[in-house]
Novice: 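Let me give you the structure first, and then I'll get to my questions.
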Amino acid sequence: MAKMKACRNCHYLTNENQCPNCKSTNLSTSYTGIVVILPGRDPLEDPRKTSYIASRLNIDKPGKYALKVR
Amino acid sequence: MPPKTSIYAVRTTIGQEKGVTDLITTAVVGETDVWECPHCKEHFSTKKDTLTHMKKCKEGKGGEPKLVSQNQLLGRVKAILVPETLRGYVFIETQEFRDVEIAISGVPHVRGRVGGKVTLKEIDTFLVPKPAAEGISIDDVVEIISGPFKGERAKVSRVDGAKEELILELLDSPYTIPVRVHADFAKLVEKAEPAKTEEKSEEEGEEGEEEDEELLDDDSFWARD
């Protein structure tokens, strides 16, 4: 599998050429660390309310993110 | 309201952290609840779908949809953290320790759990990584760990803190060519000799040792022509 790209704005990991989260095209293949925010029972629920990691990193949508993007 | 979750560490095979993360994600997200129509025994993933089917079901009317099995992890496992600085470990944020057991059962490359919770303070050190150029100053000797100059030793001639870049001079190069390297790709090997004001605080023995190392360096592998 091709290496995923991380969005420099929101750190979202994707295989596309555009970030599906913030629609930015500023992507990078050089990143370290991964955080997966898992969805709750209600898909529209804000993960920041239930997860410490999501609230600390200010992630409002479940998905796969990079910890640090260069 | 602060989230009522705890973070637990799971030990994995080194290099397989991402694979383990993907498999745990699939275990949590992949499985849906199974609801059954009491009349025709057909299965559905939500209660709502079963009710809409039951209105049109030819086998019979009325009754309640039956819950056959429920995904135990969805909504209970909140997040998975893979800090690449700590190899061989994956952190899982869940409501209870039991959820970790269920999530990792049957997952290959998991080598065990770590008893006890990980404190939030410890997790913060991974969530907010310290700047890579921190602790490296001018005249330090570093080793380049990635890129075309991998394995080479170099002396720091300038630190660009904003860009997290180092401007280095290769030690075994006959000419001084400045090389721009990201601070993540440089490993500190030897600190520069402390300035005279700082020397007083350092132990004298340590100072001597450092000088010895410098001498050794001159006729070491790195200094040869």
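On a predicted model such as this, the values are computed, not experimentally measured, just so you know. Numbered from 1 within each chain, the chains take letters A, B, ... in sequence-line order.
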Novice: Which region of E164(B), side chain (C-beta onward) or backbone (N, CA, C, O), has a non-hydrogen atom less than 4.5 Å from a non-hydrogen atom of chain A, or is it both or neither?
Specialist: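 Just the side chain, heavy atoms under 4.5 Å.
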
Novice: P47(A) versus chain B, heavy atoms under 4.5 Å apart: side chain, backbone, both or neither?
Specialist: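 Neither part.
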
Novice: Measuring from K18(B):NZ to M4(A):CE, what's the distance to the nearest 0.5 Å?
Specialist: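 Answer rounded to 0.5 Å: 10.5 Å.
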
Novice: Return yes when atom CZ of R158(B) has more than 12 non-hydrogen atoms of other residues, nucleotides or ligands closer than 6.0 Å, and no otherwise.
Specialist: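 Result for CZ/R158(B): open.
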
Novice: Side chains of I53(A) and K78(B): does their closest heavy-atom pair fall under 4.5 Å?
Specialist: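 Side chain of I53(A) against side chain of K78(B), heavy atoms only: no contact under 4.5 Å found.
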
Novice: Can you tell me which portion of I37(A) sits under 4.5 Å from chain B's heavy atoms? Options are side chain, backbone, both or neither.
Specialist: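 Both backbone and side chain.
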
Novice: Quick one: are V35(A) and F91(B) in side-chain contact, heavy atoms under 4.5 Å?
Specialist: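 Not in contact.
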
Novice: If you tally heavy-atom pairs under 4.5 Å against chain A, which of D33(B), D184(B), I7(B) wins?
Specialist: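 Most heavy-atom pairs under 4.5 Å with chain A: D184(B).
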
Novice: Checking I123(B) against chain A: side chain, backbone, both or neither under 4.5 Å from a heavy atom?
Specialist: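 Just the side chain, heavy atoms under 4.5 Å.
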
Novice: Counting neighbours of NZ on K41(B) that are heavy atoms of other residues, nucleotides or ligands and sit closer than 6.0 Å, is the number greater than 12?
Specialist: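 Check passes, neighbour count above 12.
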
Novice: Heavy atoms only, distances under 4.5 angstrom: which of V29(B), I24(B), N71(B), L120(B) has the most pairs with chain A? Name it, please.
Specialist: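 Of the options given, most contacts go to L120(B).
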
Novice: Which of residues 79-88 of chain B get closer than 4.5 angstrom to chain A, counting heavy atoms alone?
Specialist: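 At a heavy-atom separation under 4.5 Å, chain A is reached by A79(B), I80(B), L81(B), V82(B), P83(B), E84(B).
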
Novice: Write down the atom of R70(A), the atom of F185(B), and the distance for their closest heavy-atom approach.
Specialist: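 Taking R70(A) first and F185(B) second, the nearest heavy atoms are NH2-CZ, 3.6 Å.
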
Novice: Heavy-atom count check: over 12 atoms from other residues, nucleotides or ligands less than 6.0 Å from K68(A) NZ?
Specialist: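 For K68(A), atom NZ is crowded (more than 12 foreign heavy atoms under 6.0 Å).
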
Novice: Quick check on I34(A) against chain B: is it the side chain, the backbone, both or neither that has a heavy atom closer than 4.5 Å?
Specialist: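 Contact with chain B involves both backbone and side-chain atoms of I34(A).
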
Novice: Taking all non-hydrogen atoms of both residues, which atom of F126(B) and which atom of L67(A) are closest, and how far apart?
Specialist: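 Closest pair (atom of F126(B), atom of L67(A), distance): O-CD1, 3.6 Å.
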
Novice: Taking atom OG of S51(A) and atom CD of Q95(B), what is their separation to the nearest 0.5 Å?
Specialist: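 Reported to 0.5 Å precision, the distance equals 11.0 Å.
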
Novice: Counting only heavy atoms closer than 4.5 Å, note whether T21(B) contacts chain A via side chain, backbone, both or neither.
Specialist: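 Contact with chain A is through the side chain of T21(B) alone.
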
Novice: Work out which heavy atom in T5(B) is nearest to a heavy atom in T50(A); give both atom names and the distance.
Specialist: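 Heavy atoms only, the tightest pair is CG2-O, 3.4 Å.
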
Novice: Which answer fits V90(B), side chain, backbone, both or neither, if we ask what part of it has an atom under 4.5 Å from a heavy atom of chain A?
Specialist: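 Answer is neither: V90(B) stays 4.5 Å or more from chain A.
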
Novice: Is the shortest side-chain heavy-atom distance between D22(B) and K64(A) below 4.5 Å?
Specialist: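 A side-chain contact under 4.5 Å exists here.
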
